[in-house]
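Since the structure comes first, as structure tokens, the remarks are kept for the end.
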Amino acid sequence: MTEWDVKKLRILRTLRDRGTVTATAEALLMTPSAVSQQLTNLSKQLGVPLLEAQGRRVRLTDAAHLVLRHAETVFAQLERADAELTGYLRGEAGQVRVGAFSTAVPALVVPAVRLLRAEDRPGPDVRVREAEAAQAYELLSAGDVDLALSLAAHAPTARDPRFTLLPLLADPLDVALPADHPLARAPGLRLADLASEPWIFGGSGPWSQITTAACEAAGFVPEQAHSASGWTAILAMVEAGMGVALIPRMASAPDRPRAGVAMRVLDADRPHRHVVAAVRQGAEQGPAVARVLAALRRAAAASVKQS
């Protein structure tokens, strides 16, 4: 029977994800020579070539991809075993490391922690790490977090065997206009009414895609007058009359409105961005992670009701 070495398989998977031996070594706190040696040994154990030269780099062979396709099932089962063992040893009060993008922390993670603390039984020890939405899957893959909140626009394909994705929230997008804008109080405002306005949104990435997709669905391509990624900067420019912007309701802080900004709900267009929770496949069955996921769902449901 072929000998399967889980440690070496993890190295091979990391090489697939990171692309180079050097990056793999950095991620796993190993030397490049140690990575190469472990993979050479794995190739001998399995009896198939796993790597082939491609210029100064290496690439995975078809056999390596076949091996990893089956190994992902093993990794998922090990995650389930680890989750069950943690639940057995710690009850449901284990530690859960949550990675979340900035607006998700106050809108979803903090309310979820409060819900857990209000329960009669001890809750998991939730440790929060703020991270860009695009970074979530790197953190999960590296084992740096146990659960991550991200945007569906960042999510890998649903067929990616490494992760389980769970929809949490469809976050409405409202439009921010200067308070003295002629359309700031216009009834039945639609995105198409703002087609000729200067727009403010990020220069690249999912938020740029979300903004342009919403505007294109309304029949126009937005003119990007200014580029910014932080909501504070975007709202400051709107307040100064420099343009208009789509703002996620999670980020608009209704308890701290800006006097110079009019936030308008786009009832006719109803654009949204979709927030998902992600875990390594199999880990969602662990008692502590399951409780945090349940609390996040309750927080998301409460957020929808309030909006």
Side-chain angles (χ1 to χ4, degrees), residues 6 9-30 35 59-60 64-65 67-80 82-83 95-105 107-109 112 126-171 202 204-210 213 229 248 250 272-286 288-290 292-293 296-297 300:
V6 173
L9 288 170
R10 290 190 187 280
I11 296 173
L12 182 64
R13 181 172 69 167
T14 304
L15 176 59
R16 179 199 63 191
D17 296 341
R18 298 295 175 130
T20 68
V21 171
T22 300
T24 299
E26 290 176 354
L28 299 177
L29 301 179
M30 299 172 65
V35 168
R59 75 177 187 89
L60 272 63
H65 287 291
V67 167
L68 285 175
R69 201 159 58 241
H70 290 281
E72 293 295 352
T73 303
V74 176
F75 294 141
Q77 190 58 45
L78 287 173
E79 286 285 351
R80 294 186 187 98
D82 186 61
Q95 183 183 102
V96 178
R97 299 162 299 165
V98 177
F101 56 98
S102 58
T103 55
V105 173
L108 293 175
V109 180
V126 178
R127 300 296 177 95
V128 180
R129 174 171 175 172
E130 184 179 327
E132 293 294 330
Q135 192 183 4
Y137 302 98
E138 291 182 13
L139 294 174
L140 276 174
S141 181
D144 293 329
V145 299
D146 305 303
L147 186 157
L149 300 189
S150 181
L151 299 177
H154 282 297
T157 172
R159 290 176 292 180
D160 190 320
R162 295 174 297 168
F163 310 115
T164 297
L165 305 180
L166 304 157
L168 271 186
L169 175 69
D171 187 21
S204 62
W207 189 241
S208 173
Q209 297 166 13
I210 289 169
S229 58
M250 283 170 54
H272 292 81
R273 67 172 183 173
H274 296 273
V275 181
V276 298
V279 297
R280 290 183 295 277
Q281 190 175 124
E284 71 275 11
Q285 297 182 18
V289 170
V292 175
L293 281 170
L296 284 168
R297 290 193 188 97

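- Within the structure, side-chain hydrogen bond (donor to acceptor under 3.5 Å, both in side chains) pairs that include any residue of residues 127-136 comprise Asp125-Arg127 (at least two apart or interchain).
- Taking all atoms of both residues into account, the shortest heavy-atom contact from Ser208 to Gly202 is CB-O, 3.3 Å.
- The main-chain N or O of Ala76 is never found under 3.5 Å from a side-chain atom of Gln281 such that the two would form a donor-acceptor pair.
- Atoms CG and CZ, on Leu15 and Arg59 in that order, are 12.0 Å from each other to the nearest 0.5 Å.
- The CE atom of Met250 lies 6.0 Å from the CG atom of Leu169; values are rounded to the nearest 0.5 Å.
- For Arg297, there are no salt bridge (Lys or Arg N to Asp or Glu O under 4.0 Å) partners, not counting sequence neighbours.
- Taking Ala64 as the reference, Leu12, Leu50, Leu60, Thr61 meet the side-chain contact (heavy atoms from CB on, under 4.5 Å) condition, with sequence neighbours excluded.
- Here His274 pairs with Ala152, Ala170, His272 under the side-chain contact (heavy atoms from CB on, under 4.5 Å) rule; sequence neighbours left out.
- Between Leu108 and Leu296, the closest heavy-atom pair is O-CD2, 3.8 Å.
- Atom OG1 in Thr164 sits 11.0 Å away from atom CG in Leu147 (nearest 0.5 Å).
- Applying the salt bridge (Lys or Arg N to Asp or Glu O under 4.0 Å) test to Arg16 and every residue at least two apart in sequence or in another chain returns Glu72.
- Under the side-chain contact (heavy atoms from CB on, under 4.5 Å) criterion, Ala142 pairs with Arg18, Asp144, not counting sequence neighbours.
- Counting all heavy atoms, side chain and backbone alike, Asp171 lies closest to Pro248 at OD2-CB, 3.1 Å.
- With hydrogens and angles ignored, the 3.5 Å screen pairs no side-chain donor or acceptor of Gln285 with any backbone N or O of Ala283.
- In plain terms, the two heavy atoms of Leu149 and Phe101 that are nearest each other are O-CD2, 3.4 Å.
- Val145 and Val98 make their closest contact through CG1-C, 4.4 Å (heavy atoms, listed as atom of the first residue, atom of the second, distance).
- Every salt bridge (Lys or Arg N to Asp or Glu O under 4.0 Å) that Asp146 has, sequence neighbours left out, goes to Arg97, Arg280.
- Partners of Ser141 according to the side-chain contact (heavy atoms from CB on, under 4.5 Å) rule, which considers only residues two or more places apart in sequence or in another chain, are Asp17, Arg162, Phe163.
- Using a 4.5 Å heavy-atom threshold, the side chains of Thr73 and Gln77 count as separate.
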